[in-house]
2 protein chains.
Amino acid sequence: MDNYYVLVVDDEKEIRDGIEIYLKNEGVTVLKAKDGIDALEILNEHQVHLIILDIMMPRLDGISATYKIREKKNIPIIILSAKAEDTDKILGLQVGADDYITKPFNPMELVARVKSQLRRYVTFGTYEGINKVIDLNGLTLEKSAKEVTVHGETVKLTPIEYKIVELLMTNAGRVFSINEIYEQVWNEPCYNAENTVAVHIRKIREKIEIDPKNPRYLKVVWGIGYKMEK
Amino acid sequence: MDNYYVLVVDDEKEIRDGIEIYLKNEGVTVLKAKDGIDALEILNEHQVHLIILDIMMPRLDGISATYKIREKKNIPIIILSAKAEDTDKILGLQVGADDYITKPFNPMELVARVKSQLRRYVTFGTYEGINKVIDLNGLTLEKSAKEVTVHGETVKLTPIEYKIVELLMTNAGRVFSINEIYEQVWNEPCYNAENTVAVHIRKIREKIEIDPKNPRYLKVVWGIGYKMEK
DNA sequence: CATCAAACTTAAGAAATTCTTAAGAATTAT
DNA sequence: ATAATTCTTAAGAATTTCTTAAGTTTGATG
């Protein structure tokens with residue numbers, strides 16, 4: 001379940017964090033939002049493969065959020081709710097949710113349902129997001145093929161190199177500190193591994209830059225970190 | 001919901017007939033079977049878009065039936081059960097079911113879940129689609145005949161080899177990790193079977209590649225997995 | 001503007017991981 | 001019983017990753 005991004009939307013922090021722990025354990029990357037408005041913002045900025053959505057939330061409730069999400073994205077939505085009423089379930093599913101779980105729930109069941117949805121609808125790259133190609137001034141990234149090209153030429157990247165490039169390219173323009181990069185790519189806290197990242201940056205530049213000493217794409221922001229030029 | 005065929009499998013006649021009434025009301029055509037063995041027969045003879053499957057049945061129970069169905073068809077399966085135990089739900093979903101409803105259930109909820117699954121099933125086109133021939137630079141795959149050719153020459157593949165090739169060819173360009181391949185082809189979680197896949201890859205290359213050491217079609221992506229060249 | 005410290009770059013080789021391949025055992029089909 | 005298929009094991013090859021250490025650039029300071 002690596003490479004999958006799940007957005008958890010719930011106004012209770014404990015619920016968000018609890019779900020995060022279980023999903024991370026499966027290798028899923030978890031994004032979190034505290035209400036529908038925040039969720040929509042995150043959807044605009046990040047690639048997300050599945051949403052877990054609480055019904056009872058301030059500002060924008062789950063059902064209304066489902067409507068709005070469906071207008072833009074066709075990704076699986078699992079509704080989470082304290083209401084065990086059948087009518088609510090039916091309404092949720094009719095509105096466009098793909099599954100409905102009532103609180104209190106067994107976290108393992110939630111995980112099983114998330115995996116079931118991802119397995120069926122996301123494994124095959126026929127939908128938005130998965131097959132999207134990012135193009136930044138001749139540097140392109142094709143996620144499904146895990147392929148990067150510079151002016152049409154395929155660049156052969158190692159897995160770590162690829163992950164770094166994918167991180168920077170999907171968030172082009174944003175600066176990532178070495179620590180952030182390490183945590184995102186290795187999925188563990190960074191402890192004295194600053195130079196490890198630096199070495200990989202070097203290798204990447206060697207491969208994607210015409211003149212690695214004057215990088216055009218992968219730029220340093222002194223004292224802060226690295227970013228990919230938009 | 002017209003033009004859809006749903007197979008209802010339950011040993012109790014009242015349940016079968018009850019579900020039928022509600023589904024017919026939505027325009028769905030309902031087929032019925034009283035146990036897993038009958039269900040498999042019907043699947044061979046009729047086109048079916050979704051299955052509702054009771055767990056407790058004589059002869060062939062629901063979980064085992066799910067296995068057998070998955071071997072042949074990739075259509076949505078909704079498991080129906082008197083067991084409300086979480087572990088059963090999780091098992092059912094892991095085995096390849098797409099949803100799990102416990103008895104007693106609200107018929108309207110069942111209908112809502114059926115519609116939700118069918119809606120997805122159609123938008124994503126995961127169902128056994130039209131039997132198109134895929135041609136990738138001289139390597140062709142004809143699903144209906146389960147036949148693979150290289151420059152016109154038929155290649156004799158074993159069932160597992162064929163499944164791997166079909167997976168990779170229908171998603172040409174996309175990289176599959178060894179785990180993904182295992183899960184898709186064997187329909188079960190991959191546990192220490194990495195090299196099993198590797199060996200099959202070797203055998204396939206032997207058959208489809210002119211020079212297996214420098215594969216033209218079935219390429220490795222180091223540290224990530226394998227893919228079929230577009 | 002000279003100097004220093006911190007931040008970044010670069011190179012090279014050791015260690016770890018991943019892939020390939022072959023051969024034979026176990027299983028399944030004919 | 002025979003053949004075909006699938007799985008396991010294991011050793012070697014190829015590739016990637018990490019560490020170390022030395023060099024270079026940048027920004028701050030007096």
Side-chain angles (χ1 to χ4, degrees), chain A residues 2 146 148 154-166 168 175-228, chain B residues 67-68 71 146 148 155-165 168 175-209 211-227:
Chain A
D2 279 4
K146 305 225 183 291
V148 172
T154 299
V155 177
K156 208 185 148 211
L157 296 175
T158 69
I160 286 188
E161 286 162 9
Y162 175 81
K163 278 192 183 178
I164 294 172
V165 170
E166 185 183 279
L168 296 180
V175 184
F176 287 83
S177 74
I178 285 188
N179 271 269
E180 277 179 306
I181 293 174
Y182 193 90
E183 277 162 23
Q184 288 288 324
V185 171
W186 277 261
N187 242 317
E188 58 186 60
C190 174
Y191 176 68
N192 270 7
E194 285 77 11
N195 202 42
T196 302
V197 175
V199 169
H200 286 294
I201 295 286
R202 167 72 175 80
K203 294 280 183 189
I204 292 167
R205 280 181 174 155
E206 214 166 60
K207 293 177 180 178
I208 68 171
E209 301 285 359
I210 297 161
D211 178 8
K213 300 203 180 197
N214 293 24
R216 177 181 171 195
Y217 299 117
L218 210 176
K219 300 242 167 125
V220 66
V221 180
W222 251 81
I224 305 192
Y226 298 92
K227 70 167 176 181
M228 203 60 90
Chain B
Y67 264 121
K68 300 228 177 225
E71 280 173 18
K146 297 216 184 300
V148 173
V155 177
K156 206 187 151 209
L157 296 175
T158 68
I160 286 188
E161 286 163 9
Y162 175 80
K163 278 192 182 181
I164 294 173
V165 170
L168 297 180
V175 183
F176 287 82
S177 72
I178 286 187
N179 271 270
E180 279 179 307
I181 294 173
Y182 193 89
E183 277 163 23
Q184 290 292 328
V185 171
W186 278 260
N187 250 314
E188 58 187 61
C190 173
Y191 176 67
N192 269 8
E194 285 76 11
N195 204 41
T196 301
V197 175
V199 170
H200 286 292
I201 294 286
R202 170 73 175 77
K203 294 280 182 190
I204 292 168
R205 280 180 175 158
E206 220 164 55
K207 293 179 180 177
I208 68 172
E209 301 285 359
D211 178 7
K213 300 203 180 198
N214 293 24
R216 178 182 170 194
Y217 300 116
L218 210 176
K219 299 243 167 126
V220 66
V221 179
W222 252 84
I224 302 190
Y226 297 92
K227 70 170 173 182

Using whole Å, report how far [atom1] of [X] lies from [atom2] of [N].
X	N	atom1	atom2	value
A:Ile204	D:dC18	CD1	C1'	15 Å
A:Leu157	D:dT16	CG	C1'	12 Å
A:Phe176	C:dC8	CZ	C1'	19 Å
A:Asp211	C:dT9	CG	P	13 Å
B:Glu206	C:dT20	CD	C1'	12 Å
B:Lys203	C:dT20	NZ	P	15 Å
A:Ile201	D:dT24	CD1	P	21 Å
A:Lys163	D:dT16	NZ	P	15 Å

[N] OP1/OP2 closer than 4.0 Å to side-chain N/O of [X]:
X	N	answer
A:His200	D:dC18	yes
A:Thr196	D:dT17	no
A:Thr158	D:dT17	yes
B:Trp186	D:dT6	no

- With the side chain defined as heavy atoms from C-beta on, B:Val199 is closest, among D:dT17, D:dT9, D:dT6, to D:dT9
- Note on the structure: Side-chain atoms of B:Asn195 come closest, of C:dT9, D:dA10, D:dT5, to D:dA10
- Taken to the nearest 0.5 Å, the spacing of A:Lys156 NZ from B:Trp222 CH2 works out to 9.0 Å
- Message: Using 0.5 Å steps for rounding, measure from the CD atom of B:Glu161 to the CD1 atom of B:Ile208.
- Response: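 Nearest 0.5 Å value for the CD-CD1 distance: 10.0 Å.
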- Message: Can you tell me which residue among B:Glu180, B:Lys163, B:His200 is in a side-chain contact (heavy atoms from CB on, under 4.5 Å) with B:Val185?
- Response: B:Lys163
- Check B:Cys190 against B:Glu194 and note the closest heavy-atom contact, atom names and distance.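 Smallest interatomic distance, heavy atoms only, reads SG-OE2, 4.1 Å.
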- So which one's nearest nucleotide on DNA chain C is more toward 5', A:Lys213 or B:Arg202? A:Lys213
- Query: By a strict heavy-atom criterion of less than 4.0 Å, which residues belonging to residues 217-227 of chain B are in contact with DNA chain D?
  - Reply: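 Correct list: B:Trp222.
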- Might you confirm whether atom NZ of A:Lys203 has over 12 heavy atoms from other residues, nucleotides or ligands at distances under 6.0 Å? no
- Message: So that I can tick it off, tell me whether A:Arg216 and A:Glu209 are bridged by a salt bridge, with the cut-off set at under 4.0 angstrom between side-chain N and carboxylate O.
- Response: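 Salt bridge flag = no for A:Arg216 with A:Glu209.
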- Message: Is any side-chain heavy atom of A:Tyr182 closer than 4.5 Å to one of A:Glu188?
- Response: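 SC-SC contact between A:Glu188 and A:Tyr182 confirmed.
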